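Following: one structure in structure tokens, then a few remarks.
Side-chain atoms are counted along with the backbone in the values below, which use heavy atoms only and exclude waters and symmetry mates. Quantities reported herein were computed from a predicted structural model and do not represent experimental measurements.
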Amino acid sequence: MRPALEGHAGIPQETRLLFRGLSMLDDVCVEGLMQSAERVLARGLPANGRGWLGRLPPDRQLNRLGRVVITLEQGYWDSRVRAFAHTFAMALRHLVGCTESLARFDTSHFRDYIWRRYFARTLPPADFDAVTSAGFRILRVPWNAMHICAVVTRKLGWPSLFPRLDTSDFDMLIVETPYPGTVSKRTKLVVRYHDAIPLLMPHTISDKRWHHAFHYYALRKNVAHGAWFVCVSEATRRDLLSVFPHVEARSLTIHNMISHDYFDEESSAERVPEIIKTRLNASIKPPLDSSFKRRLLEDRAATDPLEFLLIVSTIEPRKNHLTLLSAWERLRTERFVDLKLLVVGKLGWHHKSIVRKLRPWMERGDVFLLEDVPSADLRLLYKHARATVCPSFGEGFDFSGVEAMKSGGAVVASDIPVHHEVYADAAEFFNPYGVGEVARAIETVIDPAHPSRRDELIAKGALVSKRYGCEAILPQWEAFLKSS
């Protein structure tokens with residue numbers, strides 16, 4: 001469940017949706033694994049309830065569980081020392097054949113925390129009971145420490161030391177990325193493989209040296225120990241097999257599920273300026289002059305609805321914001337003088353050069369950088385955008401295009417293999433390296449003199465996006481689990 005702590009969309013969203021979906025299946029008992037990326041968690045309760053810890057009075061049990069929550073949320077002053085000490089101790093335990101136990105977390109008194117911390121950003125309130133009543137386990141050692149232990153021991157000339165987890169209570173452990181650990185013999189490790197970008201496009205990732213090493217050595221260990229790989233797209237599966245061709249028999253494709261928060265509904269474009277005003281990114285330094293927010297609302301009061309393009313993704317180089325910006329500038333210069341650009345997403349790695357290019361247009365009130373947009377507002381933006389543009393150089397799946405389709409919007413996307421696979425014939429495609437090609441593809445869709453292409457894409461998108469609903473994806477997981 002670690003990715004569910006980290007954000008709204010992408011892998012965090014898929015983690016929540018998959019947990020919810022698997023919890024709905026008959027004959028499947030799902031538990032969540034609580035682990036921090038960087039913090040050592042407090043001890044929970046014994047998994048089997050035995051020993052003196054299992055006989056603790058209720059107040060002391062509750063105290064132990066409360067400390068687990070605190071260590072997930074707030075590090076101690078000596079957190080780095082604790083993480084180093086646990087990394088060293090973990091290596092020693094591995095050398096003497098010990099395993100990392102998975103303590104129990106009783107959610108009875110902490111359902112509010114479990115819901116709001118892990119699930120509320122994606123799931124509707126109706127799912128509260130289903131996910132908060134599930135069992136949860138605790139792995140104390142930080143996820144990053146597990147990776148570092150393997151990389152550092154290899155650098156010292158020893159075999160990479162990955163900790164052994166005591167998963168003997170479970171038939172299967174499903175992880176959302178290559179996992180820096182091994183499981184008990186009776187447990188099948190299933191890697192939900194999202195993309196091979198750290199291996200095939202290392203120039204686009206954050207913390208390049210560590211990220212590349214973490215991904216590669218954990219992936220290689222998972223492959224060597226017989227893990228199965230459930231890839232989010234066939235394009236991702238092909239990338240995996242290009243690196244490890246011998247795992248073909250242990251790999252398959254099950255696409256991502258799309259949240260049921262995205263659907264086509266009647267809505268008014270008049271709300272768009274208000275969404276922009278309330279969701280502007282406040283972390284831009286130095287701060288922007290806020291007077292344009294007032295002008296925006298006043299200017300829209302007596303005019304036509306705002307005309308805008310939309311891109312929804314983390315602000316980082318692989319997402320190709322700058323090519324889209326250049327294409328948008330060309331469209332404004334040549335024909336669409338009132339066209340705005342809305343950029344929705346958190347600031348990612350190497351974002352400063354991108355924001356620097358956006359800033360002059362942001363100060364004029366023509367480009368808007370938004371953050372923390374709830375799904376109800378994002379659904380409205382998808383529907384009323386002239387087009388949602390997905391210009392990435394590389395992706396494993398790309399949620400935003402399918403979310404736009406489900407919301408009744410039109411999609412324009414880069415012609416990378418995964419976009420052709422996932423979006424099928426419901427998008428207008430372009431070469432992501434050519435500004436002119438991006439501009440021409442967008443113009444084809446947003447041209448008011450020829451609205452038929454946009455209408456066609458919206459109609460096709462409504463059909464294609466049904467492939468990624470829970471009702472279509474969950475039976476594939478059920479079939480996989482039964483065959484395993």
Side-chain angles (χ1 to χ4, degrees), residues 1-25 30 32 118-119 121-124 127 131 174-179 190-198 228-240 251-263 312-314 318-319 344-345 375 378-379 382 388 390 392 394-407 409 411 413-414 416-424 426-427 461-481:
M1 297 300 296
R2 178 193 54 80
L5 298 169
E6 297 177 350
H8 286 270
I11 296 177
Q13 175 175 277
E14 209 269 342
T15 302
R16 302 177 193 116
L17 291 170
L18 183 58
F19 187 93
R20 169 194 177 269
L22 296 180
S23 298
M24 296 168 57
L25 296 178
V30 181
Y118 284 98
F119 298 106
R121 283 177 280 190
T122 297
L123 302 185
D127 289 330
V131 296
I174 301 176
V175 295
E176 287 287 347
T177 56
Y179 198 72
V190 176
V191 179
R192 183 68 165 144
Y193 198 60
H194 290 268
D195 60 67
I197 285 170
W228 277 72
F229 297 87
V230 181
C231 303
V232 300
S233 65
E234 188 60 27
T236 292
R237 182 172 178 266
R238 288 195 297 268
D239 287 343
L240 172 66
S251 64
L252 69 154
T253 296
I254 300 178
H255 290 112
N256 283 321
M257 280 183 277
I258 300 299
S259 171
H260 33 285
D261 280 335
Y262 298 101
F263 53 88
V312 181
S313 70
T314 302
R318 177 172 54 88
K319 302 297 186 175
V344 177
S375 54
L378 188 54
R379 185 170 68 236
Y382 279 136
T388 294
C390 308
S392 295
E395 290 285 350
F397 181 82
D398 205 343
F399 283 89
S400 63
V402 182
E403 291 172 351
M405 293 176 190
K406 287 182 71 69
S407 302
V411 175
S414 56
I416 57 178
V418 71
H419 280 164
H420 281 283
E421 173 190 343
V422 175
Y423 301 160
L463 296 176
V464 168
S465 62
K466 290 181 179 179
R467 303 173 185 175
Y468 310 108
C470 178
E471 301 79 8
I473 300 299
L474 200 52
Q476 299 175 45
W477 275 103
E478 186 173 20
F480 168 68
L481 295 176

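- Distance OG1/Thr15 to CE/Met1: 6.5 Å, rounded to 0.5 Å.
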- Item | side chain to side chain contact (heavy atoms under 4.5 Å, CB included) between Val312 and Phe399, worked out | CA-CA 9 Å; Val312 181; Phe399 283 89; over 6 Å; no

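- Here the straight-line distance linking atom CG of Asp195 with atom CD1 of Ile11 works out to 6.5 Å at 0.5 Å rounding.
- Side-chain contact between Ser465 and Ile258 is absent, with no heavy-atom pair separated by less than 4.5 Å.
- With sequence neighbours left out, the ring-ring contact (aromatic ring centres under 6.0 Å, His included) criterion links Tyr118 to no other residue.
- In this structure, the side chains of His260 and Cys470 stay at 4.5 Å or more apart for every pair of heavy atoms.
- Screening residues 4-23 for salt bridge (charged side-chain N to carboxylate O under 4.0 Å, His left out) gives Arg2-Glu6, Glu14-Arg192, Arg20-Asp127 as the qualifying pairs, with residues at least two apart or on separate chains.
- Every residue was checked against the ring-ring contact (aromatic ring centres under 6.0 Å, His included) condition with Phe229, not counting sequence neighbours, and none meets it.
- Looking at Thr236, its side chain never comes within 3.5 Å of a backbone N or O of Cys231 through a donor-acceptor pair.
- Across all their heavy atoms, Leu17 and Met257 have their closest contact at CD1-O, 3.3 Å.
- Note that CG of Leu252 and CH2 of Trp228 are 7.0 Å apart. Values are rounded to the nearest 0.5 Å.
- The two residues Thr388 and Ala404 have their closest heavy-atom pair at OG1-CB, 3.6 Å.
- In this structure, Ile254 and Ile473 have side chains that are in contact, with non-hydrogen atoms separated by less than 4.5 Å.
- Side-chain contact between His255 and Phe397 is present, with heavy atoms from C-beta onward closer than 4.5 Å.
- For the atom pair CE (Met24) and CZ (Phe19), the distance works out to 13.0 Å, reported to the nearest 0.5 Å.
- Two residues are said to be in side-chain contact when any heavy atoms from C-beta on lie closer than 4.5 Å; Tyr468 and Val422 meet this criterion.
- Here the closest heavy-atom approach between residue Asp261 and residue Ser375 is recorded as OD2-OG, 3.2 Å.
- For Glu478, the salt bridge (charged side-chain N to carboxylate O under 4.0 Å, His left out) test picks out Lys482, with sequence neighbours left out.
- Looking at heavy atoms from C-beta onward, Asp398 lies out of side-chain contact with Val418 at the 4.5 angstrom threshold.
- In this structure Gln13 satisfies the side-chain hydrogen bond (donor to acceptor under 3.5 Å, both in side chains) test together with Glu403, sequence neighbours excluded.
- Remark: Leu481 CG to Ile174 CD1 distance equals 6.0 Å, nearest 0.5 Å.
- Between Glu395 and Arg318 a salt bridge is recorded (basic side-chain N to carboxylate O distance below 4.0 Å).
- When all heavy atoms of Asp239 and Ala196 are compared, the pair lying nearest together is CB-CB, 4.0 Å.
- One distance of note links CZ of Arg238 with OG of Ser251; it measures 12.0 Å at 0.5 Å rounding.
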- Take Cys390 and Tyr423 through the test side chain to side chain contact (heavy atoms under 4.5 Å, CB included) and record every step on the way to the result. CA-CA 11 Å; Cys390 308; Tyr423 301 160; 3.7 Å; yes

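- Looking at Asn256 and Leu18, their side chains never come closer than 4.5 Å, going by heavy atoms from C-beta outward.
- No donor-acceptor pair closer than 3.5 Å links the side chain of Ser407 to the backbone N or O of Tyr262.
- Scanning all heavy atoms of the two residues, the minimum distance from Ser414 to Ser392 falls at OG-O, 2.7 Å.
- Glu421 is linked by a salt bridge (charged side-chain N to carboxylate O under 4.0 Å, His left out) to nothing, counting only residues two or more places apart in sequence or in another chain.
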